[in-house]
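The next block holds one structure in the form of structure tokens; read it before the comments.
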Amino acid sequence: MLALALSGQVAGEARAGSLCAIDDRDREVCLEAPARRIAALSPGATELVYAAGAGEKVVAVVAFSDYPPEARDLQSVGSHTRMDLETLVTLTPDLVIGWMTGNPPEQLETIEALGMPVFYIEPRDFEGVASAVERLALLADTREEGKRVATEFRDGMAALAERYADAEPVSVFYQVWDEPLMTINDEHLIGKVLTLCGGVNVFGELPRLVPRIDDESVLAADPEAILAGGMGEENRGWLTHWQQYPSLTAVERDNLYFVPPSLIQRPTPRLLEGSRLFCEQLERARAKR
């Protein structure tokens, strides 16, 4: 709770009858009444709104908004990179949840110009995930549920941090995409999960959040374990690519691990489940030494 007080992100103060919260662009967004018609413009935003207890208020989503399952039945307004603004306007949302670096800035600016409040989110750390749930719950007036979910997430991540605080390091390459080959650095949320579990990101010091690399870079780094998300919740195809390099330590020790991408690549409370899986897989790698 001290962290929340210091961050100041869960504003929650009524201002002349309004509900106000600070978004991830450090802007104060105020609503004269609790949001009743919400448009979520990324799969992660959809999950966060449901986690905040406001799923019944969502009227618009974008492609791949597949969790929880009932979100699949909602009206789609295109993809996160190209939205159908005409359809969005007809749905008359009173709150739009935007993705800071994923949605086209010009489209979000147009949405605001049309009088629809935009609340930008992009959690970059574990506290940011919990805070996003609480802030969305504030704007939707579902605070009790939002607080419950946020507390469970904080407690779960804290327990993982304590459990693996003294774990022996494991050098890791996390593959976030295949063509072009892409990974993450230590500042990325997935990089923070990797560190939490006692992993050492072999590309952690690269300057970009999601750097492009090549096979030769991975061979030179020779990670002890390779983890990958793949194209879909059951598709382990990306891992088979590395089996052509039997001299890689990760291949030699059979430390090629799959993580369902929705559990680790979306900044939502399900990141706790993905982190537990991530940590368990690194424990398997340690056991093979």
Side-chain angles (χ1 to χ4, degrees), residues 41-48 61-67 78-83 98-105 121-125 128-129 170-197 199-245 248-251 255-268 270-271 273-275 277-279 281-282 285:
L41 302 185
S42 71
T46 301
E47 282 196 36
L48 285 168
V61 296
V62 293
F64 302 109
S65 295
D66 53 10
Y67 190 88
S79 71
H80 71 271
T81 57
R82 188 173 182 82
M83 290 162 277
W99 181 5
M100 273 185 13
T101 61
N103 296 145
I121 58 168
E122 188 157 326
R124 292 290 178 86
D125 54 30
V129 174
V170 178
S171 63
V172 179
F173 160 52
Y174 181 81
Q175 181 177 338
V176 73
W177 202 251
D178 63 337
E179 294 181 3
L181 186 61
M182 301 172 79
T183 186
I184 44 87
N185 71 5
D186 284 342
E187 294 303 311
H188 195 284
L189 189 56
I190 300 172
K192 297 181 190 302
V193 172
L194 194 158
T195 300
L196 176 81
C197 296
V200 177
N201 184 356
V202 296
F203 297 110
E205 296 184 358
L206 293 180
R208 298 187 63 178
L209 277 176
V210 184
R212 293 189 180 188
I213 55 172
D214 52 31
D215 283 19
E216 289 70 25
S217 300
V218 178
L219 292 170
D222 193 24
E224 187 175 352
I226 296 176
L227 281 73
M231 288 285 289
E233 298 298 284
E234 298 294 336
N235 185 353
R236 292 166 169 78
W238 291 356
L239 292 172
T240 60
H241 169 80
W242 299 106
Q243 292 174 340
Q244 66 182 301
Y245 302 116
L248 263 177
T249 299
V251 176
N255 287 333
L256 303 176
Y257 300 113
F258 174 77
V259 184
S262 68
L263 297 183
I264 199 74
Q265 293 179 186
R266 294 181 187 176
T268 75
R270 285 202 297 160
L271 184 68
E273 183 181 348
S275 298
L277 178 59
F278 207 114
C279 291
Q281 290 170 332
L282 295 196

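One is the number of the first residue; the rest follow in order along the sequence.
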Backbone N/O of [Y] and side chain of [X]: donor-acceptor pair under 3.5 Å:
| X | Y | answer |
| --- | --- | --- |
| Asn201 | Ile184 | yes |
| Asn103 | Leu41 | yes |
| Thr183 | Tyr174 | yes |
| Gln281 | Phe258 | yes |

Report task. Check Leu271, Val193, Leu263 against Phe278 for a side-chain contact (heavy atoms from CB on, under 4.5 Å) and give me the one that passes. Result -> Val193

For a quick test of reading the model, state the closest non-hydrogen atom pair linking [X] to [Y] and the distance between them.
| X | Y | answer |
| --- | --- | --- |
| Cys197 | Ser275 | SG-O, 3.7 Å |
| Pro43 | Ala63 | CG-O, 3.6 Å |
| Pro223 | Val202 | CB-CG1, 4.1 Å |
| Ala225 | Leu282 | CB-CD2, 4.4 Å |

Any residue meeting side-chain contact (heavy atoms from CB on, under 4.5 Å) with [X], in chain and number order, not counting sequence neighbours:
| X | result |
| --- | --- |
| Pro267 | Pro123, Val129, Leu189 |
| Tyr67 | Glu47, Pro69, Arg266, Arg270 |
| Ser42 | Ala45, Trp99 |
| Val251 | Trp242, Leu248, Leu256 |

Query - Inter-residue atom distance Asp186.CG - Leu209.CG, 0.5 Å rounding - result: 10.5 Å

Query raised in the report: Going from CG on Leu206 to CD1 on Ile213, what distance comes out if it is rounded to the nearest 0.5 angstrom?
Result: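 Rounded to the nearest 0.5 Å, the CG-CD1 separation comes to 8.0 Å.
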
Requested in this report: Could I get the full list of ring-ring contact (aromatic ring centres under 6.0 Å, His included) partners for Phe203, not counting sequence neighbours?
Outcome: Phe173

Report task. Please tell me if the side chains of Val218 and Gln175 come closer than 4.5 Å, counting only heavy atoms from C-beta onward. Result ->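 They are not in contact (no side-chain heavy atoms under 4.5 Å apart), so the answer is no.
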
Requested in this report: Would you please name every residue forming a side chain to side chain donor-acceptor pair (under 3.5 Å) with Ser65, sequence neighbours left out?
Outcome: Thr46

Requested in this report: Using the test side chain to side chain donor-acceptor pair (under 3.5 Å), find all partners of Thr101 that sit at least two apart in sequence or belong to another chain.
Outcome: Glu122

Report task. Return each pair, listed once, that meets salt bridge (Lys or Arg N to Asp or Glu O under 4.0 Å) where at least one residue sits in residues 201-228; pairs must be two or more places apart or across chains. Result -> Glu224-Arg253, Glu224-Arg289

